[in-house]
Amino acid sequence: MKAFPQTFYWGGATAANQVEGAFLEDGKGLSTSDVQPHGVFGDVVERMPGDTGLKDIAIDFYHRYPDDIALFAEMGFNCLRVSIAWTRIFPNGDDAEPNEAGLAFYDKLFDEMAKHHITPLVTLSHYEMPWALVKNYGGWGNRKVIGFFERYARTVFERYKGKVKLWLTFNEINMSLHAPMTGVGLPSDSSKAEVYQAIHHQLVASALAVKACHEIVPEGKIGNMLLGGLMYPLSCKPDDVFKTLQENRGWQFFGDVQARGAYPGYMLRYFRDNGFALEMTDADRDALKSTVDFISFSYYMTGCVTADEALNQKARGNILNMVPNPHLESSEWGWQIDPLGLRTLLNVLWDRYQKPLFIVENGLGAKDKVEADGSINDDYRISYLNDHLVQAREAIEDGVELMGFTSWGPIDLVSASKAELSKRYGFIYVDRHDDGTGTLARSKKKSFDWYKEVIATNGASLKA
Ligand code: BG6
């Protein structure tokens, strides 16, 4: 019988800036997320006294985490992905000493998880960095930021080494190509050469964090985190097929460096062909040799690639400029739903890296309706997750080593792309709305009991 391994991590995934709120509490500094109130692709807005934004309170996880973790435990989670807000630890990024109140918050959070036997999976940087590092240093464009990040990583490894054994470096590290402010703290009109230089610094910092983790938490494991942007050729025309190879390399490049320890030849050619003279020292090349223990990724959709410029023009404007697949349905937000694509992606990653894989984000963003009796019948979410988990299990049958599955947003949270609350992912509903109204009360959706059953049966209750 097809099954998930007994050691499988089941749980959910969150990010500090999308759940915590308390954006200036206990000494926290402003982050890039705090100055992007309209989402990760949005413009930077300098904060003025009295300004408010949805993320400032988010879902108030900072104060309500014990109750939320109890609900996750009720669903049977044995893993929860959270991120540490760098700005709670080093409010400006270059501070002489870490902020004790920020460190103490995550101590309490990890202790609470331990009480419920929930293993923390911790992202060092999820779509945010200290805003002061952007203003005063030019973000990741400045090599000095590597050192600031390494110090932050070493500080949290030392502090939490007894409590946290599973780490991730940068969330969706390949997103910098589409959202440079969010990824590397560069303005959106930066040149490709500037963005790649900043990405290079971040890749070096990621590798240094891997090295530090291996030194400080020797029994721990650290992975990278990719946006698994699997692309299909729109047709079997050789031009479309070759362009698809190149598009896929656009994100695989990050995994290639982080898992294989060096820049792939196709990327060096891309830099040569475009006349980019990246500054890459021998020390950088040496640092990159510290490779990740496992590969983690998010998966929401696939897209198509065509060499036909007219068709490409039409597709411009959607999130990753990809051409829609005529064989797939879309979510309310236009994300094309493709469960089999997850099996393909798992196989592609396994064949390429031969390292354990971890699905650290997957889920359906949808509008939920609260019925008169308070119930929320989110069958669409159940069906989305069921179908993806069935394909994950098929991939395990194919021989893929899969560590776990943390669904995105197990509790409703502020969405990343547009900073909305109406786009909900949770098994747990949060009474808060796009206009900021709501009591923040939590309630269980139909999917809550469904996921609980999936976990309790280690996937046997899934409908193939
Ligand atoms: C991933 C991010 O891109 O997708 C998350 O790592 C994000 O932070 C998730 O929330 C879903 O995207 P959105 O825009 O629907 O929140």
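As the structure lists them, so they are numbered: ligands from 1, and atoms in each ligand from 1.
Of all the heavy atoms of Trp335, the ones lying under 4.0 Å from any atom of ligand 1 belong exclusively to the side chain. Residue contacts with ligand 1, taken as heavy atom pairs separated by less than 4.0 Å, involve Asn171 solely via side-chain atoms from C-beta onward.
The atoms of ligand 1 that sit less than 4.0 Å from any heavy atom of Ser417 are 13 (P), 14 (O). Against a heavy-atom cut-off of under 4.0 Å, Tyr425 is close to the following atoms of ligand 1: 11 (C), 12 (O), 13 (P), 15 (O). Listed by atom number, the atoms of ligand 1 under 4.0 Å from His126 heavy atoms are 2 (C), 5 (C), 6 (O), 8 (O). Listed by number with element, the atoms of ligand 1 under 4.0 angstrom from any heavy atom of Ser415 are 13 (P), 16 (O).
Cation-pi geometry between Arg159 and Tyr106 is not met: the NZ or CZ atom fails to fall both under 6.0 Å from the ring centre and inside 45° of the normal.
Atom CG in Leu340 sits 14.0 Å away from atom CD1 in Ile337 (nearest 0.5 Å).
A side chain to side chain contact (heavy atoms under 4.5 Å, CB included) with Ile359 is found for exactly one of Trp408, Tyr9, Phe405, namely Phe405.
Checked by distance only, ligand 1 and Ser298 stay at 3.5 Å or farther apart across all their nitrogen or oxygen atoms. Where the criterion is an N or O separation shorter than 3.5 Å, residue side chain and backbone included, Lys418 fails it with respect to ligand 1. On a distance-only criterion, Val414 and ligand 1 share no N/O pair closer than 3.5 Å.
Pro264 pairs by the side-chain contact (heavy atoms from CB on, under 4.5 Å) definition with Phe253, Asp256, Val257, Tyr266, Met267, not counting sequence neighbours.
Listed by first and then second residue, the salt bridge (Lys or Arg N to Asp or Glu O under 4.0 Å) pairs that reach into residues 194-208 come to none, sequence neighbours excluded.
In terms of protein heavy-atom proximity, atom 3 (O) of ligand 1 is nearest to Glu172 OE1, 2.7 Å. Summary of contacts: the protein heavy atom closest to atom 16 (O) of ligand 1 is Ala416 N, 2.6 Å.
In this model, a donor atom of one side chain and an acceptor atom of the other lie less than 3.5 Å apart for Ser31 and Asp34.
Inter-residue side-chain proximity for Val292 and Ile295 is flagged as met; some heavy-atom pair is nearer than 4.5 Å. Counting heavy atoms from C-beta on, the side chains of Tyr384 and Asn362 come closer than 4.5 Å.
Considering each of Lys423, Gln18, Glu128, Glu361, the one bringing a non-hydrogen atom nearest atom 4 (O) of ligand 1 is Glu361.
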